[in-house]
Every structure is written in C-alpha cells, then in structure tokens.
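A note on names: the letters A, B, ... follow the listed sequences, proteins ahead of strands, and every chain is numbered from 1.
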Amino acid sequence: MPGAGLAVESRGRHYRRMALKQEDRDSAEWLRGLNAEGPAREGAVTRLHSLLLRVARSEAARRSAGLPERGREEVDDLCHQAASDAAMVILRKLPEFRGDSRFTTWACKFALFEISTRLRRHAWRHRRIDPDEQVWERLADSAPPALTRLEQTETLHCLQRAIRDDLTDRQRLIFQAAVLDEVPIDVLAERLDSTRGAIYKILYDSRGRLRKAIARSEGQEERV
Amino acid sequence: MSRDPLEGLLGHTGRDPGCEAAFEEFDRYCDAALRGEDLERGFPEFMNHVRNCAACREDAEGLLAALRGMMEE
C-alpha cells in the first residue's frame with residue numbers, strides 16, 4: 001500500500017532528523033564547554049582528553065596483533081601522548097570546526113591519526129629501510145601478494161624496466177619501500193624528514209609514470 | 001583479489017585527492033558510513049584514495065571501529 005510506504009519513509013526521515021538534532025545538541029554542548037572559561041572549560045577539556053584516550057586505546061587494542069612483542073609495554077604511554085597531542089590540535093583548530101560532522105567524530109579523527117602514526121613508527125623503530133634489490137628474485141616465496149600475481153608475466157618485466165628507467169632515485173626509493181617492501185608511508189615520512197602527504201604524492205606520481213611506461217610498452221595508451 | 005593485478009602495485013586510476021585532502025573528509029565520511037549512506041556516491045574521491053593508500057585505509061577502519069565501539073557502550 002503506497003500510503004503505508006510513505007508513512008514508513010516519513011517516519012524514517014523524522015527519526016533521522018531527530019537523531020541529527022540530538023547530534024547537533026551534543027556538538028553544541030561540547031563547543032559551549034570548550035569555548036567557556038574557568039572550571040566549565042577545564043571540565044570540558046578533561047572530558048575531551050578522556051574521549052581521545054579511549055579512541056587511542058581502542059585503536060591500539062585493535063592493532064595489537066600486528067605490534068611486535070618488543071616494546072608493547074610502551075603502548076599505553078603512546079596512547080597518552082596521542083591523546084594529549086590530539087587535544088592540543090583540537091583546541092587550536094576549534095574555530096575551524098564547521099559542524100559538517102558530529103563534534104566527537106571530528107575530534108576523534110585527530111586522536112586516531114596521532115595514535116596510528118605513533119603505532120606504525122613504534123612497530124618499525126628497530127627496522128632498517130633498505131631498498132631490497134632481491135625482491136625480484138624471491139617472488140616465489142616471500143614477495144608481496146600484489147607482486148606475486150604478476151609473476152612470470154611480460155608485465156612484470158615491463159614494470160621492472162620502468163622502475164629502473166622511468167623513476168627518479170627518490171621515486172624509486174619510495175615506490176620500492178612503500179609498495180614492494182610494504183613500509184608504511186608515515187614511517188617513510190619520518191625517516192626521510194618529510195610528511196605523509198608529500199610521500200604519498202611522490203608515490204602517486206611514481207605510479208602514474210609506471211602506468212604510462214607499461215601502457216607505452218604494451219601499446220595500450222588507453223590503460224593510463 | 002583485484003581483477004587487474006597491476007592495481008595492487010600501481011593503484012586505481014580514478015581521481016585521488018591525496019592524504020591531506022582525505023583527512024579533511026574523514027569525519028564526514030565516518031558519520032555518513034554510520035548512517036548507512038551510499039559512500040561510493042557521496043565520497044567517490046575519498047573512496048578511491050583509501051583504496052590506494054594503505055595508511056588512510058587503516059585509519060578510516062580504525063576510526064569507524066572506535067566510533068562503533070562507543071555507540072555500543
């Protein structure tokens with residue numbers, strides 16, 4: 001019955017509007033507290049820190065299986081550092097919050113980013129990053145899955161040639177480390193004294209060059 | 001497994017705004033995901049970036065997991 005369908009849809013919209021209004025109220029409450037002065041502000045900052053610490057610990061727990069045994073006892077310190085640094089960033093950026101999302105979601109992304117970067121760097125802190133020249137020779141056993149899929153194809157040889165001939169030294173280093181050796185880009189950013197965004201841009205440009213080189217060699221410009 | 005084996009190495013070819021622009025979208029994307037919205041339609045460039053960038057993909061999954069965890073408490 002069309003009328004019933006519309007009623008259900010309208011009720012759905014109504015509940016969603018109500019939920020959004022509640023979210024707006026929650027966000028407004030956070031903003032009021034953080035923009036206040038004295039004890040009201042201190043209380044809001046304490047609640048914010050507690051929220052950020054929960055997010056950091058939740059992420060550390062989610063990734064615990066991937067963390068090396070060595071240094072696990074330091075992970076909770078990393079969570080505290082991440083929550084404190086995220087709180088400082090949030091308080092500084094507060095005027096930029098436009099309300100496009102819930103305040104808590106906006107705030108939690110800074111905590112997630114801070115802990116995530118720390119955990120990756122922590123996991124790699126005792127590991128060297130050396131371009132592995134043997135990667136092409138060990139395809140059969142331990143190469144990354146993406147590379148193994150190309151094994152014994154002409155494309156693999158084109159790719160190998162393109163990496164050697166079409167990339168700059170820095171592009172080759174970053175492509176090989178990030179894609180073939182699976183080094184996280186924020187670890188690379190730290191080691192190369194750069195930023196995650198800048199490393200990703202170099203990786204993106206390298207991939208574009210390699211695609212073009214492969215398409216050229218295969219006579220398939222449309223693939224680029 | 002991706003149909004084009006090159007995608008695993010060279011990424012998807014659609015428009016990719018990069019990590020910094022994707023970070024700006026993280027919160028809107030997660031709220032939309034929690035509301036069950038069509039993410040491919042609402043966030044095509046963000047989706048393409050997280051397909052290409054392992055770090056941002058892992059971060060998006062982490063933020064969503066944390067937010068879901070808090071909603072269930």
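Remark: B:Met70 CE to A:Cys108 SG distance equals 3.5 Å, nearest 0.5 Å. Here the CZ-CZ distance, from B:Arg28 to A:Arg98, works out to 8.0 Å after rounding to the nearest 0.5 Å. Rounding to the nearest 0.5 Å places CG of A:Leu210 at 9.0 Å from CG of B:Leu9. For the atom pair CD (B:Glu61) and OG (A:Ser116), the distance works out to 11.0 Å, reported to the nearest 0.5 Å.
No side-chain heavy atom of B:Glu58 sits under 4.5 Å from any side-chain heavy atom of A:Pro184. Between B:Leu34 and A:Arg102 the shortest side-chain heavy-atom distance falls below 4.5 Å. B:His49 is listed as a side-chain neighbour of A:Tyr200, based on a closest heavy-atom distance under 4.5 Å. Within the 4.5 Å cutoff, no side-chain heavy atoms of A:Asp100 are placed close to those of B:Asp31. The closest side-chain heavy-atom distance from B:Leu67 to A:Val55 is not below 4.5 Å.
Neither the backbone nor the side chain of A:Ser206 comes within contact range of chain B, judged by heavy atoms closer than 4.5 Å. For B:Phe23, the parts lying near chain A are the backbone and the side chain together; criterion is any non-hydrogen pair under 4.5 Å. Heavy-atom distances place the side chain of A:Leu51, and not its backbone, under 4.5 Å from chain B. Both the backbone and the side chain of A:Lys109 come within less than 4.5 Å of a heavy atom of chain B.
Across B:Gly69, B:Ala60, B:Ala65, B:Cys53, the residue that shares the most heavy-atom pairs under 4.5 angstrom with chain A is B:Cys53. When each of A:Lys201, A:Glu59, A:Arg57 is checked for heavy-atom pairs under 4.5 Å with chain B, A:Glu59 comes out on top. Between chain A and the residues B:Ala66, B:Cys30, B:Ala55, the most heavy-atom pairs under 4.5 angstrom are made by B:Ala55.
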Working note: B:Leu10 + A:Val179, criterion side chain to side chain contact (heavy atoms under 4.5 Å, CB included); need CA distance, chi angles, decisive distance, verdict. CA-CA 8 Å; B:Leu10 304 185; A:Val179 178; over 6 Å; no
After noting the C-alpha distance and the side-chain angles of B:Asn52 and A:Tyr204, does the key distance pass the side chain to side chain donor-acceptor pair (under 3.5 Å) rule? CA-CA 9 Å; B:Asn52 287 339; A:Tyr204 179 82; over 6 Å; no
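Of the N and O atoms on the side chains of A:Thr105 and B:Asp27, not one donor lies less than 3.5 Å from an acceptor on the other residue.
Salt bridge present: B:Asp59 and A:Arg120 bring a charged side-chain N and a carboxylate O closer than 4.0 Å.
A distance of 6.0 Å or more separates the ring centres of B:Phe26 and A:Phe110.
Looking only at distances, no side-chain donor or acceptor of A:Arg196 sits under 3.5 Å from a matching main-chain atom of B:Cys19. Using a distance-only test at 3.5 Å, with no hydrogens or angles considered, no donor-acceptor pair links the side chain of A:Arg211 to the main chain of B:Thr13.
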